Amino acid sequence: MFLQLVANGLVTGSVYAIAAVGVSLVYGILRLVNFAYGDMMAFGALIAYGVDGPLHQSMIVAALAGMAATAALALALDVVLWKPLRARRAGFMSLFLASIGLALVLRQALLLAAGSQPRSYRVNPYRVFVLGSVRLSEQQLIAVAAAAATIVAVGLFLTLTTVGRVLRAMADDRALAAVAGIDVGRATRVAWLISGLLAGLAGVLAALVEYSFDPNFGFQLLLPVFAAVVLGGIGSAYGALAGGLALGVAQEVSTWSGFAGGVNPVYKPVVAFAVLAVALMIRPQGFFGQARVG
Amino acid sequence: MTPLLDVQDVVRTFGAVRAVDGASFAVEERSITGLIGPNGAGKSTLFATIAGSLKPDSGRIVFAGARIDGRAAYRVARAGVVRTYQAARVLTRMTVLDNLLLASTGHPGERLTGVLLRPRAASAHERRTLERAHEMLALVRLEAHTHEYAGTLSGGQRKLLDLARVLMLEPSLVLFDEPMAGVSPALRVELLEHILAVRRDRKITFLIVEHDLDFVMQAADRVVVMNEGRVIVVGTPEEARTNEEVVDAYLGKAH
Amino acid sequence: MSILSSGSFWAFVGVVAGIYTILALGLQVQFGFAGLLNFGQVAFMAIGAYTMAILVVKEGWSTWLAAPLAVVAAAAGGLFLGLFSLRLRADYFAIVTIAFSEIVRYVATNETSLTGGSQGTIALGPIGTASQYNGQWSRFEGRVQHAFGFSSSDATMLAIVWTVAVVLLALTWLAMRTPWGRVLRAIRDDEDAAASLGKNTFAYKLQALALGAALAGIAGLFYAWEFSFFSPDDFQPLLTFFAWMILLLGGLGRVWAVPVGATVFGFIFAGTRFLNFAPFTWFASDQRAYLRLIIVGLIILLLVLVRPQGLLGNKREMVLE
Ligand SMILES: Nc1ncnc2c1ncn2[C@@H]1O[C@H](COP(=O)(O)OP(=O)(O)O)[C@@H](O)[C@H]1O
Ligand SMILES: [Mg+2]
């Protein structure tokens with residue numbers, strides 16, 4: 001039972017981790033806590049649904065389409081919204097509030113276009129794999145595998161490519177990066193591109209894992225994702241990965257009966273916040289991130 | 001006689017930078033002590049550490065017989081240690097007058113309970129504060145700007161406002177971080193006179209970081225020289241001026 | 001179009017605007033004057049409404065005892081949240097406050113024995129009896145209606161809510177003109193500088209948070225009395241965002257901007273019900289509800305982009321940074 005919970009936690013955590021990296025990357029560059037990220041995830045999941053259902057493409061094609069569309073959306077939003085805000089030197093508050101407005105617009109537009117009824121991809125939720133004492137559905141395995149691949153891909157990107165190193169340098173010290181003659185505009189677009197791809201992927205995976213989803217589901221995922229981001233030290237991509245996985249596992253394991261009888265599963269989201277609260281009390285600057293000075 | 005302020009082996013780092021690296025010195029009561037050293041020597045960081053806005057990594061800071069290291073900034077200020085900032089931190093979105101009115105301690109009107117339960121005491125205190133504020137404004141020649149937002153002031157005027165605010169608090173120890181930077185020469189002389197008068201009339205001690213060496217030599221009784229986070233010389237202005245280490249570290253490089 | 005000329009409809013719009021005025025006034029104290037990015041304001045509204053309803057139905061308290069205690073409970077919620085989170089960076093603080101409001105909602109949804117759960121306050125009493133927490137209030141409202149000769153209970157509620165709102169606005173305005181309010185504004189401007197003037201900035205921020213929470217608690221009481229029952233779904237984060245929109249619309253750091261923002265918001269919200277001309281007629285009526293929220297979102301975006309100090313805000317004192 002305990003191992004099963006850990007496995008389930010890794011599945012949920014994988015989705016959180018992917019999304020958390022997406023949020024953290026953009027924060028590192030723009031200091032934007034993107035409240036619309038959950039709704040971008042829902043957007044990706046719905047696009048994939050359109051490709052998977054009506055168009056009868058394979059799930060992989062559908063997922064890629066969802067990711068591409070979300071990345072395009074992210075880049076378009078940078079042009080029409082975030083760039084003008086940067087131009088007027090908007091600070092954290094303006095950016096955060098704007099992302100709340102954007103979240104409202106996006107989610108309601110999705111509801112308008114797609115309706116509020118739940119949907120599922122054409123996948124078989126009953127195909128189950130048994131690994132020792134742990135049973136995982138095909139979708140859950142896919143989520144974990146995709147997360148692992150993403151971890152490797154993002155890690156390689158950040159360490160091996162020039163743009164990746166630039167992104168990390170900017171997350172560490174934006175002023176310094178600007179002085180060092182870095183093309184901030186290009187780095188920003190790359191950050192949005194990756195963040196959008198990850199949002200689409202996380203949306204599709206979340207929809208697969210949860211089996212049924214509607215346009216509201218992204219918002220429900222948002223706060224645990226934020227918790228993962230903060231846990232990992234906002235702006236740190238690796239921290240976000242670790243934070244997402246840790247949070248997913250903590251949420252599931254908290255329901256284990258061997259743990260003081262177990263927390264009622266309806267309180268899983270609350271567990272995420274409790275972990276966050278404790279973590280922030282111990283380390284107000286986040287768990288894995290560097291203390292920022294000045 | 002025990003000193004008013006005793007800084008003992010204070011260390012403060014920022015990541016790998018050892019901004020203050022084991023600084024020790026003492027400031028005597030009612031003295032004017034100059035703290036000099038090249039840029040990056042750690043003077044501003046040391047000020048922040050004494051004032052409580054930064055916590056020291058190690059070391060002790062004793063003020064009037066009590067340890068103040070690690071205390072919250074507002075408690076250090078209330079104990080009578082008030083600092084100014086190198087780039088004056090006036091409240092730019094408040095009027096010049098409001099900036100000064102904030103510089104009062106024990107104001108009953110600044111507590112909700114005081115506002116509700118002791119409205120007379122609060123308004124009496126407010127009247128006194130207002131009078132003092134106008135006096136200070138006259139002193140630093142900012143009367144014409146009384147009702148303007150402090151954000152509209154020039155850099156030099158902000159310094160003056162900061163100065164007025166600090167003097168109004170009547171602290172026992174003032175930490176001035178480059179008070180004369182950006183202040184016109186004519187006003188410098190007056191401010192120097194005022195500082196000397198304040199020291200004479202009230203029991204105020206000054207620790208002053210200042211690049212204007214003429215000012216330091218004129219005003220200071222003692223000079224503390226810092227370099228690379230450490231105190232390298234403590235002595236009279238004359239001793240500091242002629243010390244070889246100082247000439248190397250400071251005068252040699254800065255001029 | 002008949003509903004447009006219906007007095008009771010407009011009275012309802014006015015009541016809602018009044019309740020939002022009080023809710024957003026709390027945000028004005030917290031953000032407009034103290035610079036605190038509270039995104040969990042709806043939680044304190046919920047605490048106020050639920051505390052009152054539970055005390056009246058389950059404990060049999062008088063409404064006139066339960067209501068003040070509910071406001072105290074909301075303020076205590078603000079103190080609790082503040083003790084935990086006020087030392088955090090602004091961005092973490094914002095996230096933690098939303099999380100707090102969602103925790104409150106989860107607890108209200110799932111602690112059925114305490115709150116009636118997802119069914120709402122109808123299920124507060126024993127099974128089979130629809131519980132009522134606003135009997136005493138209705139009688140009071142009736143007496144006010146009789147005494148002042150109001151034409152309907154809607155008009156009476158409108159008068160009561162706005163009387164309370166105006167009193168609270170006046171008190172807040174006065175509080176901000178005291179030396180206490182001056183310190184609050186100083187903290188908003190530069191917290192470190194305020195601390196080096198000897199101000200205990202943490203204590204002031206805590207007070208601002210708790211007072212704003214108390215105002216939200218009062219808004220919660222009126223919300224409860226206006227609608228004969230309520231459920232945890234009424235306290236979605238969306239409500240907090242509405243309050244933020246009102247704050248931005250009216251203007252930051254100006255007490256009297258709040259009712260202006262709330263009234264404009266009320267008209268936008270009510271007015272968009274009447275978008276029954278093309279292209280809006282292409283949408284079914286439930287879809288028009290989505291459109292309405294899109295408009296709210298667009299207004300937030302527009303304000304942040306074009307007029308960050310709000311319609312009546314004083315740009316030199318407070319802008320959204
Ligand atoms: N907030 C900070 N973060 C990182 N480094 C800092 C910070 N403040 C000061 N430093 C570093 O500490 C050293 C001392 O700086 P400072 O105290 O400002 O010197 P001074 O006032 O003598 O010119 C410098 O190397 C400076 O770059
Ligand atoms: Mg300095």
Side-chain angles (χ1 to χ4, degrees), chain B residues 47-48 50-54 72-85 87-95 97-116 119 122-123 125-126 129-130 148-152 162 165-166 168-169 171 175 177, chain C residues 29 31-35 75 78-79 86-87 171-212 214-215 251-254 308-309 313-321:
Chain B
F47 264 26
I50 297 170
S53 9
L54 289 175
Y74 82 92
R75 289 186 53 213
V76 176
R78 282 192 197 169
V81 182
V82 175
R83 74 179 293 204
T84 67
Y85 292 84
R89 294 277 280 272
V90 297
L91 300 157
T92 53
R93 299 210 163 114
M94 300 178 80
T95 62
L97 183 62
D98 273 348
N99 265 274
L100 281 172
L101 293 177
L102 282 160
S104 79
T105 45
H107 194 326
E110 285 186 355
R111 295 165 166 273
L112 276 181
T113 48
V115 171
L116 294 172
S123 56
H125 194 111
E126 182 74 357
T129 314
L130 200 60
E148 285 168 20
Y149 285 93
T152 61
D162 203 5
R165 208 165 56 170
V166 166
M168 193 164 144
L169 277 168
L175 310 174
D177 203 346
Chain C
V29 172
F31 182 68
F33 290 108
L79 286 179
L86 272 176
R87 292 190 199 281
L171 286 175
T172 309
W173 185 77
L174 285 172
M176 289 310 149
R177 294 169 65 86
T178 63
W180 177 82
R182 189 166 62 210
V183 176
L184 224 49
R185 285 182 286 131
I187 292 170
R188 168 186 81 185
D189 203 344
D190 185 341
E191 184 172 350
D192 289 341
S196 48
L197 291 172
K199 313 301 177 203
N200 182 356
T201 55
F202 183 78
Y204 281 92
K205 291 197 290 184
L206 202 56
Q207 288 167 25
L209 191 63
L211 283 178
L215 287 167
L252 298 171
R254 284 270 159 90
Q309 77 274 29
N314 182 343
K315 202 169 186 167
R316 288 186 301 179
E317 277 184 10
M318 179 73 186
V319 288
L320 198 63
E321 292 199 316

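Bear in mind the structure is a predicted one, so any value in this text is a computation, not a measurement.
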- Query: Counting heavy-atom pairs under 4.5 Å to chain C, which of B/R111, B/R93, B/R75 comes out on top?
  - Reply: B/R93
- Message: C/V183 vs B/H107, test: side-chain contact (heavy atoms from CB on, under 4.5 Å). Steps then yes/no.
- Response: CA-CA 11 Å; C/V183 176; B/H107 194 326; over 6 Å; no
- Give, for atom CD of C/E191 and atom CZ of B/R89, the distance between the pair rounded to the nearest 0.5 Å. 10.0 Å
- Query: In Å and rounded to the nearest 0.5 Å, what is the CG to OG1 distance from C/D189 to B/T92?
  - Reply: 4.5 Å
- Task: Counting only heavy atoms closer than 4.5 Å, note whether B/L112 contacts chain C via side chain, backbone, both or neither.
- Result: both
- Greatest number of non-hydrogen atom pairs under 4.5 angstrom with chain B, of C/A175, C/G181, C/A193, falls to C/A193
- Region of C/Y204 that comes under 4.5 Å of a non-hydrogen atom in chain B: side chain
- Item | Contact class of C/L184 relative to chain B, heavy atoms under 4.5 angstrom | neither
- Pick one of side chain, backbone, both or neither for B/A73, based on which atoms fall under 4.5 Å of a heavy atom in chain C. both
- Going through the distances and angles, do B/L91 and C/R185 end up as a side-chain contact (heavy atoms from CB on, under 4.5 Å)? CA-CA 9 Å; B/L91 300 157; C/R185 285 182 286 131; over 6 Å; no
- Can you name the nearest heavy-atom pair linking C/P179 to B/E126, along with the distance? CG-OE1, 3.4 Å
- Item | With B/Y85 via ring-ring contact (aromatic ring centres under 6.0 Å, His included) - residues at least two apart | none
